[in-house]
Every structure is written in structure tokens, then in C-alpha cells.
Amino acid sequence: MLIETRALTKHFRIGSHQILHAVDGITLSIQENEILGLVGESGSGKSTFGKTLVGLYDRTSGEAFYNGVPLPAKFKSKDHLTYSREMQMIFQDPYSSLNPRMTVLDIIGEGLVLPGTHSRSEIHEKVAYWLEKVGLHPDHMSRYPHEFSGGQRQRIGIARAMIIEPRFVVCDEPISALDVSVQAQIINLLDELKESIGLTLLFIAHDLSMVRYVSHRMAVMYLGTLVEIGPSNELFFDPQHPYTQLLIESNPEPDPVLERSRPHTPIKGEITSPINVKPGCRFVDRCPRAMAHCSHETPEFIATSKDRYVACHLFS
Amino acid sequence: MSDIVLDVKNLRVEFDTYGGIVKAVRGVSFSVPRGQTLAIVGESGCGKSVTVQAIMGLIPMPPGRITSGSAKLNGQEMLGLSPKEANQFRGVEIGMIFQDPMTSLNPTMTIGDQIAETLIVHRGYTKKASAKIAVDLLDKTKIPEAAKRARQYPFEFSGGMLQRSMIAMSLACNPTVLIADEPTTALDVTIQAEILELMLELKRTEGMSIILITHDLAVVARVADDVAVMYAGQIIESGSVDQIFYESAHPYTMGLKEAMPTNKPNEERKLMPISGSPPDLFHPPAGCGYFARCPHAMDICESNQPSGFRIAADHYASCWLHHELAPEVDALHLVGDQ
């Protein structure tokens, strides 16, 4: 296991008496060379989970391991230096995640400047190599972010993460801001990099079809908790948790005949507030199959078959 | 053809910028029949939003300029109207909803007052009567506890609820046409499904025509009757939703489909990105706008603009491959007939 979390929790204090349960006890593991897709609605805590994992947020409780070594709950600058060589992140918004006052050379090369292990000319060479690798031209090095399109900026973000040659990368909605034709370019690029340098990815997105396409296993989050995890195709075509079922039913397909034949039963209600949550299943208010004890007993993760786990009382 | 509600012909829109003149819309024609949904599909910068903004009279002039074309709503010309004249149909005959409901609503007015305002301004209703209708409209768009919600402010609503309120507002004067510009792009799939369902239902019950602007082919498949695919300021293919999806006739339409994942059990298909990027609309190409990215490009495509070739009844594609002298291209049917 390259990445492992045990009951990883991140709460935010808001005001004096309120706690926002962004991530609440997530236990999962990611194997070397695996792509784990993480899906869920906005506000389900997927990004917070990714950021906590790479140390951008301090953990409230729980444990996290990288290659068997426990990660600190609060990253000190020394820890950031150590682990940023192993773990990197690609952000959702290619506009706000690049410093507009830095050149592409400085943005991509910064990760090599900080540890002080590379000379100026080495950095130059490596930035040129990675620009080419992500499909940009080495001449682009002296330009500024505003001179690039969204897809090109996302490539710069990828080069910035990859130049460190990390083993694990959190991709936080890397394609949501991009056009369809460009999305496929970025996905294929990530796929190629995964093959050539042996990457392990946590792929966070809300586009279910894309996540199924990209990842080996898929995990579904709801209000800070994991509700289901399993191999992507099995989970997508045979979802077990009522929430996963509704999520996949709501996902439109680019196929008019299929769409016309589909029962249109959209999910009822909206995601409830993650502030001061009560015990019990968090999906109970929206669940079409909720039972009496769902509202006070928190469901445990149950293995329903090899590699498949679901947190729902229907399976206990 | 009396059933055509909105008829747009040869619309051209330009903008003056520091970098020169951007030819954002370059000769767009389409028509919307009563009670039908037309989806205008395309990527960012293809001119789909500018097209509907021009129809609504929402293009700031200057720097914008409508250089030619006509847009007739029930036979009445809408382009070139004075702001006063435009207000006679804007929000009355044509309603519009936008991508980001949070910034499209006034944060200092209650939702109910914002809906009622439309009725007071356009229909001359009293404050009391319009407030009552506002609640009915919120109820119609399936907002629970409509009477209580009408007294709340936009910040108290979720994204999905705000989009419902926007729809309620646009319905206030019983418009003939509803223009929805990326109505679900900012929403989660579950909320998107609800909003799309609501739009389909309103189309059935109110007999409204809908123009849906989107970049998401899956959304198109769910709600559209007819589709117009835009690229570089032009409609490059148009037809029924089935024709566009199963008998795609333009390489760009095919490219879009191949760039998207589909979910079929036991089918593993690699995503095929469209290489390159759209042309610079400061200097639009003399020939086909898709020439530089097209896998089937021929010599003629570079210098001569293709006209709309008729593929079947009501199915047109602007591509030289459909000229009688063009070579047969197998790949044309690669993605169709799945």
C-alpha cells in the first residue's frame, strides 16, 4: 500500500460552538500504480480529504501512512520539504492556481529550487524537458500564465507537479474547468505519465463517467464519510449504496435513445449541512430506502464481495 | 411553417477590442418550432452565448456590433430595436436564465420581490397581486414552502434552489421562448437532473420553446429535440438529436463524441482528444474554421468555406466531405450507429 488512511478526520471550527465535519473518519488505501477515483457532490469533502492527505490541512484525528511511514498530523516546513518530493497536487482552477507574476520557468522550476539540489542550468533543462512532455514548447518558458489558454495552464500545473517526480499525485478536479476536447487531452496525458513514470493517483472529480473511465477503483463520499468503494466498473454498473445508485441514475449519458428510455427519478432534496452532524447514516434524509434505525445508528463498512465495501444498514 | 416561433437568419456579431475586431458570430441561422427544445452546443468561445445575447438585445454596443442578420419572434423583428422597444418582448415573450444564478439575482431583494418585479413592470400588476403570483410560480418550479421561501434572500438559497427561482422568474410573463444559457453547468449531477426534469415538464405543460446553450453532450441527449453544433462562430451541423448523435456528418461533431467517455458495460474505448485549438477569431480563416484540427482536411477546406450540405431532411452539415467530388471517408461512420 502506498497510501493508507485510518479514520482520517478533518473538522473546521466555525464560530465558537460550531464544528464543520468536512471529513469524518475515512479509512482507505491506495496501491502503488493505482488510480483511485473519488466522487461526490460539492460539499462532500473530497477536496478536503485530498488536501489533508498531502498535508495542506492539519488532520483533526486519525492516521495517514505513506509507504508504511506515518505522516505527521500537522506538517512542519521540514515535513513539507520531505513529502513534497513524494506527494504532489494538481488543482482544479488553472487560472487561480498559477502565480500571475511568475514566469512559467519559475512556476515549474520552483519545486527544484527549494531543496537547493539543482543548479540553475539543470533546472532550465528539466523545465524544458517537462514542457515538451506535457505538450508545450520549451520556448514558452519565459512567458507568463495569462498568455496561455485554460488547457495549456492545466498542462503547466501538471508539469509543476511532475517535475519533482513524485510517486503520488492528488488530482483535484483537474479537468472540470476545461472544454470537452481538451479534457480528453489532459486525461490521456495523465494516463501516459502514469505508464511512463509509474504514478499513483487520487483522482477527485464529480464527472462520474470520466472517473469510471480513468480509475481502477472508485470511492463515493457523502457529507464527509465514505459510503461505497470498489472496482470502478463493478461499482458503476452495479451500485449498492442507495446514494451511489441515485448518483449514477442522475448521470446523463451522451446517448439520446438511452436517455429517453431511462426512468427519470431524480434524487430528492439536497445535501444537508455538514455543521454539527448527528449520529446515524448521513444520507437518511434523502434515502428512499431509509429504515427506522438508520437515523441513530451509524452504519459500519461491510464487505459485500471481494474488494467491495459499502456503508449501509441494508447490507448488515 | 407557421409553427416556427423564433427564426434567426445570417446573424453576424463583432466586437471592437484593443487587439482588433473579433468576429464572434459569423453568419448563424436557425429556427425554433413551437414547443420544441433546440440545443446549441459548442466549446468556450464558439459564439453560442453571444448568439443568444444578440437576440435578447443584451450585447453592449459599443464595443459590440450586429453587422447583419435578422431574428424574428412570431414574425416580428427583434434586432435593432430601441431599449424601450426591446423591453416589450425581453422578459415577456422571451425569458432567459443564466449559468450562475448567484450573480444573476439581486442580493438585496427577496426572491419573491424579484419575481414580482417582472409582473409589476411588464404587466402592470399591483404589488399584492404580483406577490401572490410569485409564490405560485415558486410552487410551480417545485420549491418547497414557497410562501416562506418568497420572503427569503438569495444567500439563503442553495444553487439548485436559486436556479429554480430564476426559472420561476423567467416564467412570470408566460414567455413563448425560454433561453437557458448553461443552466446546469454550475450544479451537481443530482441537482442538474432535477433542473433538467423541471425544464422538460414545463415544456410539456406550458408548450414553451426552449433554447438550451450547453457544452455538455450528455445534457443535450437528455433534453433536446433539435441540435445545432457551433464552432468558431458558425453552426457547422444541425439536425434532430438522433441525427446529430447517430448519424454525425461533421468531423467536429464526431470528434466531440469521441472525446467523451460513454458508459457501456464491456466496452473499453480510448478517448480521442481533438488536437490543437480553435482558430483565432481576430483573423477568422478563409476556409473551414475546423480545417487546422480536422483529420479529414482537404486542399479545398483551407481556402473555401463549405456551405451547408443537406444530409437528410432537416439535417445539414457544413463540410466539403459531403460534396459529390469528395472522397469517401470511412471514419465518417465510425462513431454513428452504435
Side-chain angles (χ1 to χ4, degrees), chain A residues 39-44 135 148-152 176-189 191 206-214 232-234 236-238 243 246-260 262 264-273 286, chain B residues 41-46 144 158-161 184 186-198 200-201 215-224 227 240-242 244-246 252 255-266 268-278 293 338:
Chain A
V39 297
E41 290 170 276
S42 13
S44 61
F148 295 91
S149 68
Q152 288 174 320
S176 314
L178 306 175
D179 272 319
V180 179
S181 65
V182 185
Q183 284 186 356
Q185 293 175 10
I186 298 294
I187 290 298
N188 286 355
L189 172 66
D191 205 41
H206 62 258
D207 181 342
L208 293 164
S209 311
M210 204 50 111
V211 172
R212 184 193 74 86
Y213 175 80
V214 173
S232 295
N233 281 335
E234 284 180 42
F236 192 93
F237 294 115
D238 174 30
Y243 177 63
L246 287 167
L247 203 58
I248 287 163
E249 253 171 51
S250 313
N251 185 46
E253 300 280 337
D255 186 339
V257 169
L258 184 81
E259 281 301 326
R260 280 194 288 266
R262 227 147 66 127
H264 288 215
T265 48
I267 194 166
K268 289 277 173 294
E270 291 179 21
I271 201 159
T272 35
S273 163
R286 297 167 86 184
Chain B
V41 199
E43 299 181 276
S44 355
C46 73
S158 67
M161 288 288 186
T184 58
L187 306 174
D188 278 314
V189 276
T190 51
I191 313 300
Q192 166 172 289
E194 285 184 326
I195 297 288
L196 295 179
E197 198 58 25
L198 176 67
L200 283 173
E201 198 186 307
H215 66 269
D216 188 340
L217 284 176
V219 169
V220 173
R222 186 117 174 171
V223 296
V227 183
S240 72
V241 67
D242 285 12
I244 296 292
F245 277 85
Y246 304 119
Y252 177 62
L256 276 184
K257 277 165 50 191
E258 289 186 83
M260 281 185 82
T262 46
N263 297 301
K264 291 201 173 67
N266 313 316
E268 289 307 326
R269 178 174 62 89
K270 210 167 158 48
L271 293 186
M272 300 290 290
I274 303 176
S275 59
S277 45
R293 303 173 84 182
Q338 281 180 345

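In what follows, chains are A, B, ... by sequence order, proteins preceding strands, each numbered from 1.
The backbone N or O of Ala221(B) sits nowhere less than 3.5 Å from a side-chain atom of Arg260(A) that would complete a donor-acceptor pair.
When side chains are defined from C-beta on, Ser181(A) does not count as touching Tyr252(B), because their heavy atoms never get closer than 4.5 Å.
If you measure heavy-atom distances from Gln185(A) to chain B, the contacts under 4.5 Å come from both the backbone and the side chain. Val214(A) does not touch chain B: none of its heavy atoms, backbone or side chain, sits under 4.5 Å away. Looking at Val241(B), both its backbone and its side chain come within 4.5 Å of chain A, counting heavy atoms on both sides.
Considering every non-hydrogen atom in both Glu249(A) and Arg222(B), the closest pair reads O-NH1, 4.2 Å. Closest non-hydrogen pair, Pro261(B) versus Pro254(A), comes out as O-CG, 4.2 Å. Of all heavy-atom pairs spanning Gln192(B) and Pro252(A), the tightest one is NE2-CG, 3.3 Å.
The one candidate from Ser44(B), Pro278(B), Cys46(B) that meets the side-chain contact (heavy atoms from CB on, under 4.5 Å) condition with Asp179(A) is Ser44(B). Among Val180(A), Asn188(A), Asp191(A), the one residue that satisfies the side-chain contact (heavy atoms from CB on, under 4.5 Å) test with Leu271(B) is Asn188(A).
Note on Ile187(A), Val257(A), Asn251(A): by heavy-atom pairs under 4.5 Å with chain B, the leading option is Val257(A). The candidate from Pro273(B), Ala259(B), Pro144(B) with the greatest count of non-hydrogen atom pairs under 4.5 Å with chain A is Pro273(B). The residue among Ala224(B), Ser275(B), Ala218(B) with the most heavy atom pairs within less than 4.5 Å of chain A is Ala218(B).
Of the inter-residue distances, the one linking Glu197(B) atom CD with Ser250(A) atom OG reads 10.5 Å to the nearest 0.5 angstrom. To the nearest 0.5 Å, atom OG of residue Ser44(A) and atom CG of residue Asp188(B) are 8.0 Å apart. For the atom pair CD (Gln183(A)) and CD1 (Ile274(B)), the distance works out to 11.5 Å, reported to the nearest 0.5 Å. We find the CG-CG distance between Asn233(A) and Asn263(B) to be 8.5 Å, quoted to the nearest 0.5 Å. Rounding to the nearest 0.5 Å gives a distance of 9.0 Å between CG of Asp242(B) and CG of Asp255(A).
The environment of Met260(B) atom CE is dense: over 12 non-hydrogen atoms of other residues, nucleotides or ligands sit within 6.0 angstrom.
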Candidate pair Lys264(B) and Phe237(A), rule side-chain contact (heavy atoms from CB on, under 4.5 Å), full reasoning: CA-CA 9 Å; Lys264(B) 291 201 173 67; Phe237(A) 294 115; 5.8 Å; no
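Remark: Glu234(A) engages no residue in a salt bridge (charged side-chain N to carboxylate O under 4.0 Å, His left out) (not counting sequence neighbours).
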